[in-house]
Amino acid sequence: MAALERLEVVASGHCAAIGDLRLELMFPFPPVTDLQFLVGKELGDICLKPFQFHFAFGTTKIDVGSDLEHIDKQGIARRHNTDADKPAPLYIHSLLGQKIRLVLVEDFRLTLAFDQGDLLRIYSNNELYECGEIYDETGSLIVF
């Protein structure tokens, strides 16, 4: 009970302290203006890892360890979670060679619209573990 009594939420609302332990909560996606560098990038590589999807657009990279949703140009949506026991069939390979034409941001959802009509929605949350990272062409890191 003492640890709970010492729980403090820092003014930003993104961090809590329990004694000497700092718990960093994850953040929503940055404003869409901060992600405009993604527009025009061509998806050249998709790598599936045990608990992560890796998307490479040349030197720009997006690693996703949370839910994502691929909506193809016919409007069929397939949601994927790296923790799921029964993942949906993957059709994200159809994104290879496509360029991002539009970036949309909501607090915990990033939508990438591709030039052939596909959408890729990447989800974040405000829990304790990061959902992924975005690396721009300089290697700067955005954590979500």
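Please read these numbers as outputs of a predicted model, since none were measured by experiment. Here, residue 1 is the first one in the sequence, and each next residue gets the next number. As a basis for the values below, the full set of heavy atoms in this structure was taken, side chains included, without hydrogen atoms, waters or symmetry mates.
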Side chain to side chain contact (heavy atoms under 4.5 Å, CB included) between His54 and Lys61: does it pass, once the steps are laid out? CA-CA 7 Å; His54 175 79; Lys61 297 174 177 47; 3.7 Å; yes
Pairwise distance [atom1]([X]) to [atom2]([Y]) - rounded to 0.5 angstrom:
X      : Y      : atom1 : atom2 : answer
Asp118 : Leu95  : CG    : CG    : 5.0 Å
Lys99  : Arg101 : NZ    : CZ    : 6.0 Å
Ile46  : Ile92  : CD1   : CD1   : 4.5 Å
His80  : Leu48  : NE2   : CG    : 9.5 Å
Thr59  : Lys41  : OG1   : NZ    : 5.5 Å
Asp107 : Phe144 : CG    : CZ    : 14.5 Å

Sub-4.5 Å side-chain heavy-atom contact between [X] and [Y]:
X      : Y      : result
Thr111 : Leu120 : no
Ile71  : Ile76  : no
Arg79  : Asp67  : yes
Cys131 : Asn125 : yes
His70  : Ser94  : yes

Looking only at non-hydrogen atoms, find the nearest pair between [X] and [Y] and report the distance.
X      : Y     : value
Phe114 : Phe57 : CE2-CE2, 4.1 Å
Val103 : Val32 : O-CG2, 3.1 Å
Leu43  : Asp45 : CD1-O, 3.5 Å

Please answer: with hydrophobic residues joined when any side-chain heavy atoms are less than 4.5 Å apart, are [X] and [Y] in the same cluster?
X      : Y      : answer
Phe29  : Leu102 : no
Leu110 : Leu119 : no
Val39  : Ile62  : yes
Leu104 : Ile142 : no

Assign the ring pair Phe55 / Phe53 to parallel, tilted or perpendicular, where the plane angle (0 to 90°) is split at 30° and 60°. parallel
Whether Ser66 side chain and Tyr123 backbone form a donor-acceptor pair below 3.5 Å: yes
If only atom types and distance count, is the side chain of Gln98 paired as donor or acceptor with the main-chain N or O of Gln116 below 3.5 Å? yes
Under 4.0 Å between a Lys/Arg side-chain N and an Asp/Glu carboxylate O for Lys49 and Asp63? no
Might you work through the side chain to side chain contact (heavy atoms under 4.5 Å, CB included) test for Phe37 and Ile134, ending with a clear yes or no? CA-CA 11 Å; Phe37 66 89; Ile134 301 171; 3.9 Å; yes
